[in-house]
Number of protein chains: 2
Amino acid sequence: MRFTHEVTSDNEHERQRAYFEPFTDAVRDLLDVTIRTEMDEDVIREAQAAIEAVTARLRTRQIDGAYGVRLNADGRSRSWGNPVIGLRNPIAPPLVITRDEQDRCSADFELGAAYEGPPGHVHGGMSALVLDHILGEAASSGLRKPNFTGTITCRYVRATPLGRLRAEAFVDRVEGVKTFARGFIADADGVTVEAEGVFITPAWAREAG
Amino acid sequence: MRFTHEVTSDNEHERQRAYFEPFTDAVRDLLDVTIRTEMDEDVIREAQAAIEAVTARLRTRQIDGAYGVRLNADGRSRSWGNPVIGLRNPIAPPLVITRDEQDRCSADFELGAAYEGPPGHVHGGMSALVLDHILGEAASSGLRKPNFTGTITCRYVRATPLGRLRAEAFVDRVEGVKTFARGFIADADGVTVEAEGVFITPAWAREAG
């Protein structure tokens with residue numbers, strides 16, 4: 001599938017954020033009620049027609065393929081299409097990841113009906129998705145080179161309830177091209193899922209720096 | 001978070017499927033264009049207002065909390081809210097998992113812009129989400145007891161391109177309350193991610209059968 005490569009100025013970035021962020025939040029809200037509504041067939045069919053009309057309008061001008069790489073003028077990549085942190089991806093909760101002085105990454109977030117596996121609890125694979133992302137973020141931290149997941153292991157300590165959660169990740173050690181990261185998801189009562197991952201620096205990034 | 005427990009007759013199940021399936025497909029399509037549209041601010045703001053109106057209407061009558069457990073009259077559970085296979089969850093591609101005579105599970109599916117991690121490729125955590133689900137399905141197969149993920153390990157052989165993919169999973173062996181399952185995701189050129197998981201039969205299910 002094709003993807004886009006584009007550089008955007010800081011001003012343009014903020015201008016687009018101002019309308020794409022609330023728009024995407026509205027689609028997230030629709031996504032939640034798509035699962036939870038108990039309205040009758042006629043209302044659902046009308047809703048479908050209204051949504052199809054919106055989609056057709058928005059498709060009048062769209063990028064060819066997936067979101068791809070977008071860079072801001074300062075060189076930072078803009079991951080608006082990402083399914084974990086993407087400002088423009090309604091699948092993403094989205095996680096807002098912060099990094100402390102020791103390069104430890106953390107995020108407080110909330111998972112609702114759209115992320116349910118066992119009744120009232122987070123789908124185990126959704127926890128894996130979140131952990132894969134935040135461990136990768138820790139492994140690629142700061143001035144370090146880009147890293148791609150080699151392996152990741154998740155240990156489910158107990159079922160993770162839907163609601164407010166926290167994820168954390170940090171680099172355990174670096175051995176050559178391998179970065180070992182660890183992390184967890186926790187609710188108010190403590191850790192529910194632990195993870196460790198091995199992230200690999202790709203050959204094309206090994207020479208630089 | 002609360003969740004629902006409900007039993008539905010076969011007729012009612014099929015009646016609801018007939019309108020919820022195309023409605024959810026329409027929301028999936030909107031989700032894709034939410035990431036890809038290049039329309040200007042005024043169009044995005046109009047789209048937002050239209051979607052908020054649809055959402056408000058659908059929220060007039062909705063279940064309290066997540067989708068929970070719904071059973072059909074034949075006792076099979078209906079996972080319409082599930083983020084991997086859910087007919088009513090726009091996050092789900094959705095996977096349609098089939099099972100052969102040897103209890104091997106497989107699914108052909110397509111992942112587009114909403115599942116992108118590295119440019120043009122599937123987010124590693126999305127592969128983990130799919131694999132966690134299909135390995136769990138294999139581990140809980142047929143007449144076997146329900147199982148919950150204990151640990152899962154994913155090995156990324158190479159980047160998985162967006163587009164048409166296949167997932168397979170099977171039970172490797174059973175040792176007491178532990179079921180060991182294995183599986184993979186593949187594109188047309190072969191395996192891209194391998195996984196193995198240990199699934200545990202919960203105490204409440206160990207006595208029955």
Side-chain angles (χ1 to χ4, degrees), chain A residues 1 3 19 22-24 26-27 29-31 33-39 41 43-45 47-48 50-52 54-55 57-59 61-63 66-69 81 83-84 88-91 113-116 119-120 123-126 128-129 132-133 149-156 162-163, chain B residues 1 3 19 22-24 26-27 29-31 33-39 41 43-45 47-48 50-52 54-55 57-59 61-63 66-69 81 83-84 88-91 113-116 119-120 123-126 128-129 132-133 149-156 162-163:
Chain A
M1 184 181 246
F3 57 90
Y19 56 91
F23 169 63
T24 309
V27 179
D29 206 29
L30 172 66
L31 201 154
V33 80
T34 296
I35 299 167
R36 296 170 56 198
T37 187
E38 297 190 291
M39 297 300 277
E41 177 167 3
V43 176
I44 300 299
R45 293 210 185 268
Q48 181 184 335
I51 290 163
E52 285 171 348
V54 169
T55 301
R57 181 99 196 270
L58 297 176
R59 286 216 188 280
R61 204 171 72 239
Q62 64 177 5
I63 57 168
Y67 193 79
V69 182
V84 178
R88 281 184 61 180
N89 190 335
I91 287 183
Y115 307 97
E116 186 186 43
H123 191 295
M126 283 302 314
L129 168 59
D132 174 87
H133 191 91
T149 318
T151 65
I152 186 164
T153 299
C154 297
R155 259 184 307 279
Y156 296 85
L162 292 175
Chain B
M1 182 180 248
F3 57 88
Y19 56 90
F23 169 63
T24 310
V27 180
D29 205 30
L30 172 67
L31 201 155
V33 80
T34 297
I35 299 167
R36 296 171 56 197
T37 187
E38 296 190 291
M39 297 301 277
E41 177 167 3
V43 176
I44 301 299
R45 293 208 185 268
Q48 182 184 334
I51 289 163
E52 285 171 348
V54 169
T55 300
R57 180 98 197 271
L58 296 176
R59 286 216 190 281
R61 203 170 72 238
Q62 64 178 4
I63 58 169
Y67 193 78
V69 181
V84 178
R88 281 184 60 180
N89 190 333
I91 288 182
Y115 307 97
E116 186 185 43
H123 191 293
M126 283 302 314
L129 168 58
D132 174 87
H133 191 92
T149 318
T151 66
I152 186 165
T153 299
C154 297
R155 259 184 308 276
Y156 296 84
L162 292 174

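Any value given below was found using the heavy atoms of this structure, including those in side chains, with hydrogens, waters and symmetry copies removed. Quick caveat: nothing in here was measured; it's all calculated off a predicted structure. In what follows, every chain begins at residue 1, and chains take the letters A, B, ... in the order their sequences are listed.
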Asks: If you take all heavy atoms of A/A128 and B/A128, which pair is closest and at what distance?
Replies: CB-CB, 3.9 Å

Asks: Got a second to check how far A/N89's CG is from B/E116's CD, nearest 0.5 Å?
Replies: 9.5 Å

Asks: In terms of heavy-atom pairs under 4.5 Å with chain B, which of A/T151, A/T34, A/L30, A/T149 leads?
Replies: A/T34

Asks: Looking at B/V33, is its backbone amide N or carbonyl O close enough to the side chain of A/Q62 to form a donor-acceptor pair, meaning the two atoms are under 3.5 Å apart?
Replies: no

Asks: Atom CG in B/L129, atom CD1 in A/I91: separation rounded to 0.5 Å?
Replies: 9.0 Å

Asks: Quick one: does any side-chain atom of B/R88 pair with a main-chain N or O of A/T37 as donor and acceptor, under 3.5 Å?
Replies: yes

Asks: Closer than 3.5 angstrom, by distance alone: can the side chain of B/R36 be matched with the main-chain N or O of A/I63 as a donor-acceptor pair?
Replies: yes

Asks: Measure across A/P83 and B/A114 and return the closest heavy-atom pair with its distance rounded to 0.1 Å.
Replies: CB-O, 3.5 Å

Asks: When rounded to the nearest 0.5 angstrom, what distance separates CE in B/M126 from CE in A/M126?
Replies: 7.5 Å

Asks: For chain B, which of A/V43, A/I152, A/V54 has the most heavy-atom pairs under 4.5 Å?
Replies: A/I152

Asks: Which pair of heavy atoms, one from A/A47 and one from B/F23, lies closest together, and at what distance?
Replies: CB-CE1, 3.8 Å

Asks: Of all the heavy-atom pairs spanning A/A66 and B/L162, show the shortest one and how long it is.
Replies: CB-CD1, 3.6 Å

Asks: Of all of B/E52, B/R59, B/R57, which one pairs up most often with chain A through heavy atoms under 4.5 Å apart?
Replies: B/R59

Asks: Counting only non-hydrogen atoms closer than 4.5 Å, does A/H123 touch chain B with its backbone (N, CA, C, O), its side chain (CB onward), both, or neither?
Replies: side chain

Asks: How many angstroms lie between CD1 in B/I51 and CG in A/L58, if you round to the nearest 0.5 Å?
Replies: 7.0 Å

Asks: Taking all heavy atoms of A/Y67 and all of B/I35, pick out the closest pair and write down the distance.
Replies: CD1-O, 3.6 Å

Asks: In Å and rounded to the nearest 0.5 Å, what is the CG to OG1 distance from A/L31 to B/T55?
Replies: 9.5 Å

Asks: Working to the nearest 0.5 angstrom, can you tell me the gap between A/Q48 CD and B/T24 OG1?
Replies: 9.0 Å

Asks: Contact part of A/R45 toward chain B, heavy-atom cut-off under 4.5 Å: side chain, backbone, both or neither?
Replies: side chain

